[in-house]
Amino acid sequence: MNSRPRRNAKTADAVVRLAAITALLLSGAALVGLPAHAQSAALPRADVVEQLDAQYAEAQTAVGVTQSGGVVEVFASKDGSTWTLVLTKPDGTSRVIAAGETWVRR
């Protein structure tokens, strides 16, 4: 007989999601301080969202708010083949701060 308490699957999923979002927020906050040449050009958020949809069929899958009032968003294709991390400042300008392949949803 196993004496370990069973974890509720929904609770475990919530913990994993919270950890992933926290890691994204921390990485986004760290990247804000990068020199301008290391970041993409700032564009209106609507333009970035439109380009991600048109070029990669990516849609928003996660979102979080930074301490400075910015918004960090993850966009991913339905099949998870591509993903993009976007930081939008309070003034409405957005920058792509990371992108890659193989986004896994839990």
Side-chain angles (χ1 to χ4, degrees):
M1 183 173 195
N2 190 349
S3 62
R4 288 182 158 174
R6 289 186 174 186
R7 279 198 162 191
N8 180 325
K10 288 184 180 180
T11 301
D13 285 346
V15 169
V16 169
R17 284 188 185 144
L18 179 60
I21 290 171
T22 300
L24 289 173
L25 290 174
L26 291 173
S27 66
L31 291 173
V32 171
L34 289 176
H37 69 275
Q39 298 179 6
S40 66
L43 297 170
R45 182 185 177 280
D47 292 350
V48 173
V49 172
E50 182 180 321
Q51 288 179 11
L52 292 175
D53 181 41
Q55 293 179 5
Y56 304 101
E58 292 181 356
Q60 184 193 72
T61 63
V63 64
V65 179
T66 68
Q67 286 183 328
S68 63
V71 176
V72 176
E73 299 171 278
V74 176
F75 291 83
S77 58
K78 276 190 176 183
D79 65 1
S81 61
T82 63
W83 60 268
T84 305
L85 184 61
V86 175
L87 174 65
T88 302
K89 294 183 177 183
D91 68 3
T93 59
S94 296
R95 293 181 185 273
V96 172
I97 56 175
E101 297 176 354
T102 316
W103 182 258
V104 178
R105 294 182 180 135
R106 298 191 184 242

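Just so it is clear, the structure is predicted and the values come from calculations on it, not from any experiment.
- The CH2 atom of Trp103 lies 7.5 Å from the CG atom of Leu85; values are rounded to the nearest 0.5 Å.
- Within the 4.5 Å cutoff, the side chain of Thr88 has no heavy atoms near those of the Val48 side chain.
- Atom-to-atom distance recorded for Thr82:OG1 and Phe75:CZ is 12.0 Å, nearest 0.5 angstrom.
- Heavy-atom neighbours of Glu50 CD from other residues, nucleotides or ligands within 6.0 Å: at or below the threshold of 12.
- Under the side-chain contact (heavy atoms from CB on, under 4.5 Å) criterion, Thr93 pairs with Ala42, Lys89, Asp91, sequence neighbours left out.
- Counting non-hydrogen atoms of other residues, nucleotides and ligands closer than 6.0 Å to CD of Gln67 gives a total of 12 or fewer.
- Take Ser68 and apply the side chain to side chain donor-acceptor pair (under 3.5 Å) test, not counting sequence neighbours, and it matches Thr66.
- Between the CG atom of Leu87 and the CD1 atom of Ile97 there is a distance of 5.0 Å, given to the nearest 0.5 Å.
- Counting only residues at least two apart or in different chains, salt bridge (Lys or Arg N to Asp or Glu O under 4.0 Å) contacts with residues 57-76 comprise Arg45-Glu73.
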